[in-house]
Number of protein chains: 2
Amino acid sequence: MKEKLKEHIENLIPLTDEEFSFILSHVSFEKYKKNDFIIQEGENVKNCYLVVNGLLKLVYDDKNGKQHIVSFAMEDWWESDFSAYFSQTKAKMSLQCIEDTTVYSLSFKNYQKLSAELPKMKQFFLEKSNSGHSASQNRILSFLTSNAKERYEQLLKQYPLLFQRVPKTLLASYLGVSRETLSRLSS
Amino acid sequence: MKEKLKEHIENLIPLTDEEFSFILSHVSFEKYKKNDFIIQEGENVKNCYLVVNGLLKLVYDDKNGKQHIVSFAMEDWWESDFSAYFSQTKAKMSLQCIEDTTVYSLSFKNYQKLSAELPKMKQFFLEKSNSGHSASQNRILSFLTSNAKERYEQLLKQYPLLFQRVPKTLLASYLGVSRETLSRLSS
DNA sequence: AATCGAGTGTGACATACATCACAATTATAA
DNA sequence: TTATAATTGTGATGTATGTCACACTCGATT
């Protein structure tokens, strides 16, 4: 398990063994079951999470009780309600398991500590944040330029695995269309 | 002018005079006229920009020749085709002046240099990137949860100034609706 | 002053998508 | 296994929004 975290970071930045054990002492390994909530709307968001195995959804429940999926988090992704995490306020969204899931959890305090004491980690977080930002911009772009069918095809192309792992209802909720419309698109 | 840059950074992180002049020697001050392109689609993206005065639009031109506004950049905002900037590839979007605009320009090389040699700047960029990421997620959320009228009202509430500074056609293009629909919404 | 073009409003109509209802199938649990 | 819930497909219909066409205003240019 440790190895997976090491690989994940070294994918961007090489680490000495000392550096890695320092990092390891600042995160905790956690297991969740399908349908468990890792973050619940309204709670203080103390942690962000690296998915080791499994699959998460970051969802927003609107005033009509409808669920909207802001993001899926697959293996090797960091996820949280980052807006609440960085400002240390209450979650507007929930983070819930679609499958049994294992994660590394990083508290905000330790995030700050790692950033401050290990320049390499600050660099790591910076690069992660930049790529997260780019990914979000691409998603915005797809809402601006594409209709439901095109967005569906883009999603399939980008994450063919997702298609087999999550019910269509959730895909629809991610794409911003009703499940009925999505069903008609695929046929 | 220098003062505005100093204020902007010190809004997040205090600087000594030496640190600030080091930073200043790594950016360049530039002036553009209304309708000028700062970045053109297809070019290599060498710089990102801090808007000192004026107003920019980040636009994507789709295959049908239709323009989509991914973002407006007002005073005190950093903007670029960040995806292309960070990967040092060609721009998928253009950055164009809606008004006469002055900016500080930061090359990718100097971005890396500042990040590497001034920990405070790495911290600064990290915090900027995090808040940019949050902002993008909020925009995604508004596409998922709101119809055109609601998105319009949210925009007005968040940036009342914008409303007076840019033609409705551009607001429509930002909101992802036709100008006719937007016109009918406001009445 | 006359002309031009950008920005805007509005009617008529077309289309994409949502909603509601119901049936069929497949997974899950007792 | 049987029962129960979750998932999916599909028809009928309503609504939001897009598209096309045209007119009007207003500021800029000559």
Original post:
Between A:S71 and A:E79, do the side chains contain an N or O donor and an N or O acceptor separated by less than 3.5 Å?
Top reply: yes
Original post:
Rounded to whole angstroms, how far apart are CZ on A:R165 and C1' on D:dT7?
Top reply: 19 Å
Subject >> Protein-nucleotide distance (B:L182, atom CG; C:dT10, atom C1'), rounded to Å >> reply: 14 Å
Subject >> Where B:S94 and B:E41 come nearest, the two heavy atoms and their spacing >> reply: OG-N, 3.1 Å
Original post:
On a plain distance test, is the side chain of A:E180 in donor-acceptor contact with the base of C:dC17 below 3.5 Å?
Top reply: no
Subject >> Sugar-phosphate only, base, or nothing, as touched by A:T169 at under 4.0 Å among non-hydrogen atoms >> reply: sugar-phosphate
**OP:** Using whole Å, report how far CZ of B:R179 lies from C1' of D:dA23.
**Re:** 12 Å
**OP:** Examine D:dG18: is either OP1 or OP2 under 4.0 Å from a nitrogen or oxygen in the side chain of B:T181? Give yes or no.
**Re:** yes
**OP:** Decide yes or no for B:L50 and B:V27: does some side-chain heavy atom of the first lie under 4.5 Å from some side-chain heavy atom of the second?
**Re:** no
**OP:** Give the minimum heavy-atom separation between A:F72 and A:L170, together with the two atoms involved.
**Re:** CZ-O, 3.9 Å
Subject >> hbond_proxy A:R184 side chain to C:dT19 base (donor-acceptor, 3.5 Å cutoff) >> reply: yes
**OP:** List the atom of B:K92, the atom of B:D81, and the distance in Å for their closest heavy-atom pair.
**Re:** N-OD2, 2.9 Å
Subject >> Closest-nucleotide ordering on DNA chain C, the 5'-leading residue of A:G176 and B:P167 >> reply: B:P167
Subject >> Closest non-hydrogen atom pair between B:S80 and B:L58, with its separation >> reply: O-CD2, 3.7 Å
**OP:** Please report how far the helix from C:dA1-D:dT30 to C:dA30-D:dT1 bends, comparing the axis fitted to its first five pairs with the axis fitted to its last five, to the nearest 10 degrees.
**Re:** 50°
Original post:
How about B:S136 and A:H133: do any of their side-chain heavy atoms sit closer than 4.5 Å?
Top reply: yes
**OP:** Measure from CD on B:Q67 to P on C:dG7 and round the result to the nearest Å.
**Re:** 11 Å
Original post:
After noting the C-alpha distance and the side-chain angles of B:D36 and B:K31, does the key distance pass the salt bridge (charged side-chain N to carboxylate O under 4.0 Å, His left out) rule?
Top reply: CA-CA 10 Å; B:D36 281 357; B:K31 297 182 184 221; over 6 Å; no
Original post:
Side chain of A:S183: nearest nucleotide among D:dT17, C:dT19, D:dT10?
Top reply: D:dT10
Original post:
Taking C-beta and beyond as the side chain, do A:R139 and B:F143 meet within less than 4.5 Å on heavy atoms?
Top reply: no
Subject >> Interatomic distance where CG belongs to B:L185 and C1' belongs to C:dG9 [whole Å] >> reply: 13 Å
Original post:
Just by protein heavy atoms under 4.0 Å, how would nucleotides 24-30 of chain C read 5' to 3' in B, S and -?
Top reply: -------
**OP:** Let me know the distance between CG of A:L171 and P of D:dG9, rounded to the nearest Å.
**Re:** 11 Å
Subject >> Value in whole Å for how far the P atom of D:dA16 lies from CZ of B:R151 >> reply: 14 Å
Original post:
For the pair made of CG in A:L170 and C1' in D:dT8, what is the distance, rounded to whole Å?
Top reply: 13 Å
Original post:
The side chain of A:N147 lies closest to which of these nucleotides: C:dT19, C:dC22, C:dC17?
Top reply: C:dC17
**OP:** Answer yes or no: is there a side-chain heavy-atom contact under 4.5 Å between B:H8 and B:Y104?
**Re:** no
